[in-house]
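A short worksheet on the structure shown next.
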Amino acid sequence: MSLEPQSTATGQTRPATASPRVLIVEDELLVAWHLESLARVQHLDVCGLVPDGDGAIEQAVDLDVDLILMDIRLAGRMDGIEAARRIRDQRDTPIIFITAHGDPATRAKIEQVLPGTPVLAKPITAAILKEAIASVMKP
C-alpha cells in the first residue's frame, strides 16, 4: 500500500497511515465473520460484509476498498467470478477468491476471466491469507 494520502471515491483524503480497506463478499455469515477476524489480524480495516454479487459491485466503489475477499458461490443470481469481473471493469482492486469450490473447471474459468487472481480453498488460515494478501497488494 502506498504511503501517500489517498483520495476516496467521495473526494475525501485518507491518511497515509490508514490500514488497507477490505470488503468481504460471503453469503455464509459464520464464514464471513471468520474471514473478518482473519483480516483484522492482518491489520486490515474490514469496511463491509456483503452476501451477493450486486452488493459487492456497489460496495467496492462506494466504500473505496483496497482489497476484496470474494467467495465464488454467492446468494442471488450472480456468482463471485462475474461480480469480480464487473468490479474490475470499474476499478483495479485486488481480489482474492476464497472458496470451497476450487475444482479445475472453476479455476480455469477464473484464470480466463481474471488471470493470476489467487484462489484459496476453505477453510483458510491466517498464514495462508497473509501470503495471498502480500502477493496482490502493492507495497
Side-chain angles (χ1 to χ4, degrees):
M1 181 163 152
S2 171
L3 296 178
E4 298 292 319
Q6 300 174 346
S7 293
T8 66
T10 59
Q12 299 171 333
T13 301
R14 283 192 284 166
T17 58
S19 295
R21 296 166 56 82
V22 64
L23 175 65
I24 297 173
V25 185
E26 170 62 62
D27 61 340
E28 294 182 39
L29 191 55
L30 292 177
V31 175
W33 287 341
H34 175 68
L35 292 174
E36 180 179 20
S37 70
L38 292 178
R40 291 189 192 286
V41 167
Q42 305 299 324
H43 306 290
L44 298 171
D45 176 14
V46 178
C47 58
L49 301 172
V50 295
D52 59 67
D54 290 322
I57 295 164
E58 181 181 322
Q59 293 299 304
V61 174
D62 289 352
L63 297 175
D64 191 37
V65 299
D66 300 307
L67 173 67
I68 299 169
L69 303 180
M70 177 82 72
D71 190 14
I72 292 176
R73 303 266 165 92
L74 299 171
R77 295 175 293 184
M78 187 184 318
D79 71 10
I81 299 169
E82 178 61 17
R85 185 195 66 76
R86 291 184 188 186
I87 290 167
R88 281 283 181 81
D89 284 348
Q90 297 178 34
R91 54 187 293 129
D92 189 30
T93 303
I95 296 169
I96 298 172
F97 286 107
I98 301 173
T99 185
H101 304 282
D103 57 273
T106 300
R107 287 179 179 269
K109 182 177 178 184
I110 291 168
E111 190 59 32
Q112 179 183 12
V113 175
L114 297 163
T117 303
V119 180
L120 306 181
K122 290 178 184 174
I124 67 165
T125 64
I128 290 170
L129 182 60
K130 181 178 183 177
E131 185 177 310
I133 291 169
S135 76
V136 299
M137 296 294 288
K138 296 174 181 139

- Neighbour count >12 (heavy atoms, 6.0 Å) for atom CD, Glu111: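 Yes - once you tally the heavy atoms of other residues, nucleotides and ligands closer than 6.0 Å, there are more than 12.
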Return the [atom1] to [atom2] distance between [X] and [Y], rounded to the nearest 0.5 Å.
{"X": "Cys47", "Y": "Leu67", "atom1": "SG", "atom2": "CG", "result": "9.5 Å"}
{"X": "Leu23", "Y": "Thr93", "atom1": "CG", "atom2": "OG1", "result": "9.5 Å"}
{"X": "Ile68", "Y": "Ile95", "atom1": "CD1", "atom2": "CD1", "result": "4.5 Å"}

Residue pair [X] / [Y]: nearest heavy atoms and the distance that separates them:
{"X": "Pro94", "Y": "Met137", "value": "CG-SD, 4.2 Å"}
{"X": "Gly53", "Y": "Ala83", "value": "CA-CB, 3.7 Å"}
{"X": "Leu120", "Y": "Ile124", "value": "CB-CG2, 3.8 Å"}
{"X": "Phe97", "Y": "Ala84", "value": "CZ-CB, 3.7 Å"}

- Message: The criterion is side-chain hydrogen bond (donor to acceptor under 3.5 Å, both in side chains); which residues satisfy it with Asp92, sequence neighbours excluded?
- Response: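 By the side-chain hydrogen bond (donor to acceptor under 3.5 Å, both in side chains) rule, Asp92 matches no residue at all.
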- Message: Less than 4.5 Å apart, side chain to side chain, heavy atoms only: is that true for Val41 and Leu129?
- Response: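 No; the side chains remain at least 4.5 Å from each other.
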- Would you say the side chain of Gln59 lies within less than 4.5 Å of the side chain of Val65, judging by non-hydrogen atoms?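 Of all side-chain heavy-atom pairs linking Gln59 with Val65, none is under 4.5 Å.
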Residues two or more places apart in sequence or in another chain: which of them pass side-chain contact (heavy atoms from CB on, under 4.5 Å) with [X]?
{"X": "Val113", "result": "Ile81, Arg85, Lys109"}
{"X": "Gln90", "result": "Ile57, Val61"}
{"X": "Thr99", "result": "Asp71, Ile72, His101, Val119"}

- List the steps, then state whether side-chain contact (heavy atoms from CB on, under 4.5 Å) holds for Arg88 with Thr117. CA-CA 11 Å; Arg88 281 283 181 81; Thr117 303; 4.3 Å; yes
- Task: For the pair Arg77 and Asp54, find out whether any cationic side-chain nitrogen is under 4.0 Å from an anionic carboxylate oxygen.
- Result: no
Identify all side-chain donor-acceptor contacts of residues 28-39 below 3.5 Å with residues at least two apart in sequence or on another chain.
{"residue": "Glu36", "atom": "OE2", "partner": "Arg40", "partner atom": "NE", "Å": "3.4"}
{"residue": "Glu36", "atom": "OE2", "partner": "Arg40", "partner atom": "NH2", "Å": "2.7"}
{"residue": "Ser37", "atom": "OG", "partner": "His34", "partner atom": "O", "Å": "2.8"}

- Message: For Asp45, give me all partners under salt bridge (Lys or Arg N to Asp or Glu O under 4.0 Å), at least two apart in sequence or on another chain.
- Response: Arg21
- What residue among Ile96, Ile98, Ile87, Leu114 forms side chain to side chain contact (heavy atoms under 4.5 Å, CB included) with Met70? Ile87
- Task: Report yes or no: does Asp66 contribute a side-chain atom to a donor-acceptor pair with the main-chain N or O of Pro20 at less than 3.5 Å?
- Result: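 Absent.
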- Task: Using atom types as modelled and distance alone, determine if a side-chain donor or acceptor of Glu26 lies under 3.5 Å from a backbone N or O of Leu49.
- Result: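 It does not hold such a pair.
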